[in-house]
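Note that ligands are numbered from 1 as they come in the structure, with each ligand's atoms numbered from 1 the same way. Values reported hereafter were calculated over all heavy atoms of this structure, with side chains retained and with hydrogens, waters and symmetry mates removed.
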Amino acid sequence: MRSIIDVLDLTVEEINELIQVALDIIEKPEKYAEVCKGKKLATLFFEPSTRTRLSFEAAMYELGGNVLGFSEAASSSAAKGESVADTAKTISCYADIIAMRHPKEGAPYVAAQNASVPVINAGDGGHNHPTQTLADLLTIYREKGKFADLTVGFCGDLKFGRTVHSLINALSRYKNINIVLISPEELKLPSYVKKDVLKKNGIPYEQTTDLEAVMPKLDILYMTRVQRERFFNEEDYLRLKDSYILTPEKLKNAKEDLSIMHPLPRVNEISVSIDKDPRAVYFKQVLNGKYMRMALILKLLKEAGLL
Ligand code: CP
């Protein structure tokens, strides 16, 4: 049974296919309106979410299927001590496919090992968020028309930001990608990502604390929130939370065709006055996420012989 835990579980060719399906869904939604009739998606969210959970649910409804699930651990039997493995075995009796978010890294993998239906990782701790990466890749494709020959700046919490780790992994498979890592010292990209992804794949990268200094060279600026929920103490969070606040002033030297991305939710790191700048594409990212999740649900259900 195929599950998607890491974006690298999908080949570059498969990602291209998912993008083509998503583009077809955007163009001809009526063609897909009943393809999942009678099928059920379970959304098991042990951690808060707005976009990922609701876009998975919207995706399944727009495919003609149904949705069941829970949006917090407290309303599931995890609160009584049930294991992730037993939860996965149980939900397999009710649903055809599972989307799971969990604060513990590796929990969706454990679920996939125990489920008899496909499991999609909807974000596990500070580790990975493959369907956000699919949303990001469709956004990059629609904005830039390519994945190669790009300088991509990641700014903010690069330590705990799972969307950053996933997207760097995905981009490492394309040609002529330059990565610029912009963060405070304490929130630098973990060394294992630098070693196992950037260095291993020969991806040129630089690290800086100065966003404005590197702004002119960026084709994409991927802003991120400082992840309060992953800090051990509130004092450190409060000290670091406003390290970067993108304002129109800071974009003065940016490229005309820069794409400003953010997985959202936003706290302070992008001024709302930037929302009307045509280079701000973060709400397009939100919508692209729904289309890529539709494409992924279709792919996994087909591979499982359920469509
Ligand atoms: N981007 C993202 O994962 O948003 P949510 O936490 O709202 O799902």
Between Gln285 (side chain) and Ala135 (backbone), is there a donor-acceptor pair under 3.5 Å?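 Side chain of Gln285 to backbone of Ala135, a donor-acceptor pair under 3.5 Å: no, none is there.
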
Determine yes or no for a side-chain-to-main-chain donor-acceptor pair under 3.5 angstrom, with Asp124 supplying the side chain and His127 the backbone. no

Could you list the atoms of ligand 1 found under 4.0 angstrom from a heavy atom of [X]?
X      : value
Pro263 : 1 (N)
Thr50  : 5 (P), 7 (O), 8 (O)
Thr52  : 2 (C), 3 (O), 4 (O), 5 (P), 8 (O)

Region of Leu264 engaging ligand 1 - heavy atom pairs below 4.0 Å: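 The backbone, only.
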
Does Arg101 qualify as a cation-pi partner of Phe45, given the criterion of NZ or CZ under 6.0 Å from the six-membered ring centre and within 45 degrees of its axis? no

Which label fits Phe46 and His102: parallel for a plane angle under 30°, tilted from 30 to 60°, or perpendicular past 60°?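 Because their plane-to-plane angle lies in the 30° to 60° range, the rings of Phe46 and His102 count as tilted.
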
Under 30°, 30 to 60°, or over 60°: which ring-plane class applies to Phe147 and Tyr174, parallel, tilted or perpendicular? tilted

How close does the nearest protein non-hydrogen atom get to atom 6 (O) of ligand 1, and which residue and atom is it? Arg101 NH1, 2.9 Å

Could you check atom 4 (O) of ligand 1 against the protein and tell me its nearest heavy-atom contact, residue, atom and distance included? Arg51 NE, 3.1 Å

